[in-house]
Amino acid sequence: MKNYKEEIAKLIAAEVSELSVEDALGIIEVPQDQKMGDYAFPCFKLARILRKAPPLIASGIAGSLAEKIDFARVEAVNAYVNFFVKREDLTGAIVNEILTQKDAFGSSDLGGGKKVIVEFSSPNIAKPFHIGHIRSTVIGNSLHKIYKALGYDVIRINHLGDYGTQFGKMICAYRKWGCREDVEREPIKSLLSYYTKFHVEVEEHPELEDEARAIFAKLEKGEPEEVALWQWFREESLKEFSRVYKMLGIEFDSYNGESFYSDKMPAIEQELQEKGLLQESQGAQIVDLEPYGLGAALIKKSDGSSLYITRDIAAAVYRKETYDFYRNIYVVASQQTLHFQQLFKILELMGRDWAYDDVHVPFGLVSLPEGTMSTRAGRVVFLEDVLKQAVEKTRGIIAEKNPEAENVDEIAKQVGIGAVIFNELSNNRIKDYVFDWDQVLNFDGETGPYVQYTHARATSVLRKAGEEASAKAAVPGAADASYLTSDNAYDLAKLLYAFPGVVELAGERYEPSLVTRHIVDIAQSFNKFYHDEHIIVENEAEKNAKLALVIATRQSIKNGLALLGVEAPDRM
C-alpha cells in the first residue's frame, strides 16, 4: 500500500537538494484540522538554509509540485505546504488491504525472526498474586504479542521470585505457626498469614531474623528438609498462579526463576573477581559503580548469602548463551530502575558487548486508597478476586440489559476480564495510579467494553445485511471506493490506514497504550459513521462499499484487541 508520508518526503527532497529524504520524513506533520490537509510540511527549518522567509519557501514548493503529484491538491498556507490525499485512493486501498490480510493486518516482517526475550509478571512464590502484579503481567503479555506481530521470535519468561532470605522467614514462620492442611486448602492466603505474623513477632523477638537467615543458609546449601518445604511452597504457589494466568489467557515459555541460577552464580562471582571488579566492603562483596554515578552494587552479603543482582547477572548470561537474543526486555516496576542500571553497567564492565541489548521497561506503581500495598502488613488486593468481581459485575449488567442473551458466562468473562486488562493498558505505562474498584469496573467512556461493544455492533450490522451481502462485501477489490469519500468514511479509513504504523511505534517505544488509544479512536470514528450514515441502502454498489468498510473496521478492532490480550465478542 502507498506510503503517502514517504512519497511526500521524496518529493520535498527532490525540490530542496539540501534536504535528505530522512530529514524530510522527520519534519512532515499530520494536521489536527482536516482543513489543513492530510499531511503538512512546515518550512521554518529551511529558512536558514535557503535564506528565504518560510512563507515564500512554502509557496515556491507548492507551486513547483502542483503539476507533479498524484494528490488531490497541494497548497501553501503561510509557512506550511499542505497535501490533500485523493480520498477514494486511500479508502479503497486500505479496505482492500485489510480484507486481504485479515488477522495479519497490522503485522509485518520488521523483526526478521530475530529473538526477543520478554521477562514479565514474575511474582514471588508463597506470596499473593495481587493487583500490583497486573501491570507487569499485562504490559509484558501485550509487548510479547506486539513483537510477535512485528515478526520477531519472542520468548516469554516468568522469572519467578523463588529464592532469597524471605524464604528463610517463610520456612521459619511455617514451622512455628503453620498447618499443612491450611496451606493445601488455601496456599497463598495461609502462607501470607504466616509471613505477616513473622513480621509482627520479630518486633518483639528480633532473634527471629537470625533464625530465618540460618534457615536460608541451609536452603542455599541444599539441606533436604529446607529444600523440601521450599519446593512444596513453590508447587502450591504455581497452582494458584496458573488459575490467574488461565483467566487472563497468558502463557509462558519458561518459568525459570531466581533459584534456577543459584548453581550458576559461583562462575559469575569468579569472573568478577578475575576481572578485578569485585571488592570487599565491611565483609560483603561489591562492585563499585560510584564512578558511573550508580553507587555500590552488593554482590554477596557478609554472611555469604546471594542477592538479586548476582542472580540477574547469571540469568542474563544464561539467556544470551541459550537464546542469542536480539533484545532482552525486563518489564519491571520503575522502583527497580537503579537495579537495572547497575546490572547493565556490570555486564558492560564484564566485557559483554550485548549489554546494550538489555532493556528495562519501567512502569508506574499501583497503590490502594489507604496507601502503598504491603505483603508484610497484609494490605493487598488479590488479582484473582479483581478478575472474578469484574466477571460477576458484567454478568449482572448483561442480565439487566439483555436478559435473553445467549452464552452469558462466556461473554461475561470476555468483557469483564477484558475491562480490567484494557484499563491497565489505557494510560502511559510510566504513570502511577491508585487502584479504585469503581474506576476499574466502569464500563462507560473510553473503556474495553466500549471498544468490544463497537466490534459487536459492526458484527450486528453484517448480520442484518445478510450472509450473502456480507460475503460479497468481504471480497478484496469489490468495493467501489467512490462511495467512501464522505468526511465520516474518510476519517475512519485514515485511522485504519494508520494502524500498522501505530503497532510499529508501540513496539519501538515499548508502549501498548498507543494501540489501546488508537482502537478507541477507531471505535469512536466508526460509531460516528454508524450514526450519521445509512449503511444498508438500496443502492447495491454503495451498500457493498460501506459494508466493506464495516468489515475492515471490525477486523482492525479485533486485531488491536488481540495485541492487548483482550477478546472481541461478536455479541454483547
Side-chain angles (χ1 to χ4, degrees), residues 121-133 158-244 255 257-262 298 300-308 310-311 333 335-336 367-368 370-385:
S121 195
S122 308
N124 293 319
I125 68 166
K127 288 187 180 180
F129 196 174
H130 57 67
I131 190 64
H133 293 112
N158 193 338
H159 186 73
L160 292 172
D162 61 358
Y163 215 59
T165 54
Q166 70 266 31
F167 293 101
K169 297 176 183 179
M170 189 71 71
I171 293 171
C172 177
Y174 172 75
R175 283 173 170 166
K176 290 184 179 298
W177 310 294
C179 170
R180 188 176 186 89
E181 289 74 20
D182 290 344
V183 174
E184 288 174 344
R185 185 176 61 255
E186 287 189 305
I188 302 298
K189 289 184 178 177
S190 297
L191 292 171
L192 173 62
S193 69
Y194 309 151
Y195 189 72
T196 302
K197 185 174 177 62
F198 178 92
H199 286 281
V200 171
E201 293 292 328
V202 80
E203 295 295 324
E204 295 291 328
H205 305 283
E207 67 275 7
L208 285 172
E209 289 281 5
D210 295 330
E211 190 175 336
R213 276 193 289 270
I215 291 172
F216 178 62
K218 288 183 179 181
L219 179 61
E220 284 206 295
K221 290 175 183 175
E223 294 290 339
E225 287 187 19
E226 282 71 23
V227 169
L229 277 174
W230 169 81
Q231 286 179 333
W232 179 48
F233 293 164
R234 191 179 194 276
E235 289 165 6
E236 293 297 326
S237 298
L238 280 174
K239 287 179 189 175
E240 196 144 325
F241 294 163
S242 65
R243 288 204 310 272
V244 179
Y255 281 91
E258 294 180 71
S259 63
F260 180 79
Y261 305 100
S262 60
L298 187 58
K300 184 180 280 190
K301 292 181 181 179
S302 56
D303 63 4
S305 58
S306 59
L307 288 115
Y308 293 118
T310 323
R311 296 187 281 274
Q335 280 181 318
Q336 299 300 318
S367 60
L368 299 174
E370 58 269 30
T372 306
M373 273 179 280
S374 170
T375 304
R376 293 184 179 187
R379 189 169 62 240
V380 293
V381 175
F382 285 79
L383 180 52
E384 187 174 4
D385 293 341

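Here the structure is a predicted model, which is why all the values come from computation and not from measurement.
Note that CZ of Phe260 and CG of Asp162 are 11.0 Å apart. Values are rounded to the nearest 0.5 Å. Put simply, CD on Glu184 and CD on Glu236 are 6.5 Å apart, with the number rounded to the nearest 0.5 Å. Note that NE2 of His159 is 12.5 Å distant from OG of Ser121, once rounded to the nearest 0.5 Å. Distance NE2/His133 to CG/Asn124: 6.0 Å, rounded to 0.5 Å. Here the CE-CZ distance, from Met170 to Phe233, works out to 7.0 Å after rounding to the nearest 0.5 Å. We find the CD1-NZ distance between Ile215 and Lys169 to be 12.0 Å, quoted to the nearest 0.5 Å.
The two residues Tyr308 and Glu258 make their nearest non-hydrogen contact at CD2-OE1, 3.1 Å. Taking each heavy atom of Tyr163 and Leu219 in turn, the nearest pair found is OH-O, 4.4 Å. Closest approach of Ile171 and Leu229 over heavy atoms only: CG2-CD1, 3.7 Å. Shown here for Tyr195 and Ala173, the closest heavy-atom pair between the two residues is N-CB, 4.5 Å. Taking all atoms of both residues into account, the shortest heavy-atom contact from Cys179 to Tyr194 is N-OH, 3.1 Å. For the residue pair Thr165 and Lys301, the shortest heavy atom distance occurs at CG2-NZ, 3.6 Å.
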Can you list the steps and then say if Phe167 with Ile125 is a side chain to side chain contact (heavy atoms under 4.5 Å, CB included)?
CA-CA 9 Å; Phe167 293 101; Ile125 68 166; 3.2 Å; yes
Please evaluate residues His130 and Leu383 with respect to the criterion side chain to side chain contact (heavy atoms under 4.5 Å, CB included), reporting the C-alpha separation (whole Å), side-chain torsions for both, the decisive distance (0.1 Å), and the verdict.
CA-CA 5 Å; His130 57 67; Leu383 180 52; 5.8 Å; no
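Under the 3.5 Å distance criterion, the side-chain polar atoms of Ser190 are left unmatched by any main-chain donor or acceptor of Pro187.
Annotation for Glu207: atom CD counts as buried by contact number, over 12 foreign heavy atoms lying within 6.0 Å. Atom CD of Glu225 has 12 or fewer neighbouring heavy atoms from other residues, nucleotides or ligands inside a 6.0 Å radius.
With a 4.5 Å cut-off on side-chain heavy atoms, Ser122 and Leu160 do not count as touching. Between Trp230 and Ser259, the closest side-chain pair of non-hydrogen atoms falls below 4.5 Å. In this structure, Val202 and Glu209 have side chains that are in contact, with non-hydrogen atoms separated by less than 4.5 Å. Using a 4.5 Å heavy-atom cutoff, the side chains of Phe382 and Val244 are not in contact. Looking at Glu226 and Phe216, their side chains never come closer than 4.5 Å, going by heavy atoms from C-beta outward. Side-chain contact between Leu238 and Arg234: present, with at least one pair of heavy atoms (C-beta onward) separated by less than 4.5 Å.
Ion pairing between Glu201 and Lys197 holds under the 4.0 Å rule for side-chain N and carboxylate O. A salt bridge does not link Arg175 with Glu211: none of the charged nitrogens is closer than 4.0 Å to a carboxylate oxygen. With salt bridges taken as basic N to acidic carboxylate O contacts below 4.0 Å, none links Glu181 and Arg185.
By the salt bridge (charged side-chain N to carboxylate O under 4.0 Å, His left out) test, Glu384 pairs with Arg243, Lys388, sequence neighbours left out.
Here Phe241 and Tyr255 keep their ring centres 6.0 angstrom or further from each other. A distance below 6.0 Å separates the ring centres of Trp232 and Tyr174.
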